[in-house]
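The structure appears below as structure tokens.
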Amino acid sequence: DAKTTQPPSMDCAEGRAANLPCNHSTISGNEYVYWYRQIHSQGPQYIIHGLKNNETNEMASLIITEDRKSSTLILPHATLRDTAVYYCIVRVAVANNRLAFGKGNQVVVIP
Amino acid sequence: EAGVAQSPRYKIIEKRQSVAFWCNPISGHATLYWYQQILGQGPKLLIQFQNNGVVDDSQLPKDRFSAERLKGVDSTLKIQPAKLEDSAVYLCASSTGQNDKNIQYFGAGTRLSVL
């Protein structure tokens with residue numbers, strides 16, 4: 001699986017959109033971009049994933065650049081409960097393929 | 001729908017003792033994973049089961065770690081004997097195992113402290 005690069009930490013203002021960047025310059029054509037987050041003392045939680053089109057669900061939006069070398073996770077209205085470590089993972093979406101977590105991006109939502 | 005259940009939530013042991021963790025995946029999920037998460041790092045896969053068979057145990061320290069999923073449902077991870085560096089959170093996850101989104105659902109984990 002291709003490697004990803006995320007900032008180690010960032011702060012966001014409560015009520016504002018939070019834009020979380022991820023670089024994956026070596027991504028292959030059949031690799032998807034997955035986002036998980038881990039709130040303190042909990043297990044990771046799936047957020048969203050995409051291949052090349054932008055995706056949106058009830059939690060977030062995923063914007064993938066046309067060359068697919070980077071992406072941005074958008075939390076539209078950040079709340080204090082969105083404070084967590086966010087992981088960007090690139091992997092082939094086949095059954096039983098492992099998730100290779102990096103250190104992630106510690107996001108703190110500030111009142 | 002009930003989530004992934006793990007027990008115990010916390011465990012404190014002395015080095016060279018043995019310990020076991022239990023996981024009950026989401027009903028109907030064929031694939032079960034055990035991860036180790038050391039403080040400040042992301043989770044690292046230890047072992048992956050498809051039903052009751054091992055798919056990947058390449059990162060499991062087999063001299064001291066063992067895991068089983070005898071009936072293809074719940075699973076046990078054991079460490080014997082424990083070392084100081086085994087202090088970590090042990091996470092269990094499950095997925096349908098089908099070639100779709102393959103989303104993994106995680107339990108809250110067991111925090112192990114080895115003294």
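Each chain gets a letter, A, B and so on, in the order its sequence line appears, and its residues count up from 1. Bear in mind that the values here come from a model prediction, so they are computed numbers and not experimental data.
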Flag yes if more than 12 heavy atoms outside [X] fall under 6.0 Å of its [atom1] atom; otherwise flag no.
X       : atom1 : answer
B:Ile12 : CD1   : no
B:Gln80 : CD    : no
B:Arg9  : CZ    : yes
B:Lys62 : NZ    : yes
B:Leu39 : CG    : no

Check whether A:Gln38 gets within reach of chain B through its side chain, its backbone, both or neither, counting any heavy atom under 4.5 Å.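 Contact with chain B involves the side chain of A:Gln38 alone.
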
Atom group of A:Tyr36 that falls short of 4.5 Å from chain B, counting heavy atoms: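 A:Tyr36 touches chain B through side-chain heavy atoms alone.
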
Using a 4.5 Å cut-off on heavy atoms from C-beta on, say whether the side chain of B:Tyr35 contacts that of A:Leu99.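 Result yes, sub-4.5 Å side-chain heavy-atom pair found.
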
Measuring from atom CZ of A:Phe101 to atom CG of B:Leu45, what distance do you get when rounded to the nearest 0.5 angstrom?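 It is 9.5 Å, given to the nearest 0.5 Å.
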
Contact leader toward chain A among B:Ala108, B:Ala93, B:Gly109, where contacts are heavy-atom pairs under 4.5 Å: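 Result: the option with the highest number of such pairs is B:Ala108.
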
Most heavy-atom pairs under 4.5 angstrom with chain B, which of A:Gly104, A:Pro44, A:Gly43, A:Gly102?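 Option with the top pair count is A:Pro44.
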
Joint hydrophobic cluster, A:Tyr86 plus A:Met59, side-chain heavy atoms closer than 4.5 Å: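 Both belong to a single hydrophobic cluster.
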
Where does B:Gln37 contact chain A at under 4.5 Å (heavy atoms): side chain, backbone, both or neither?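 Side chain only.
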
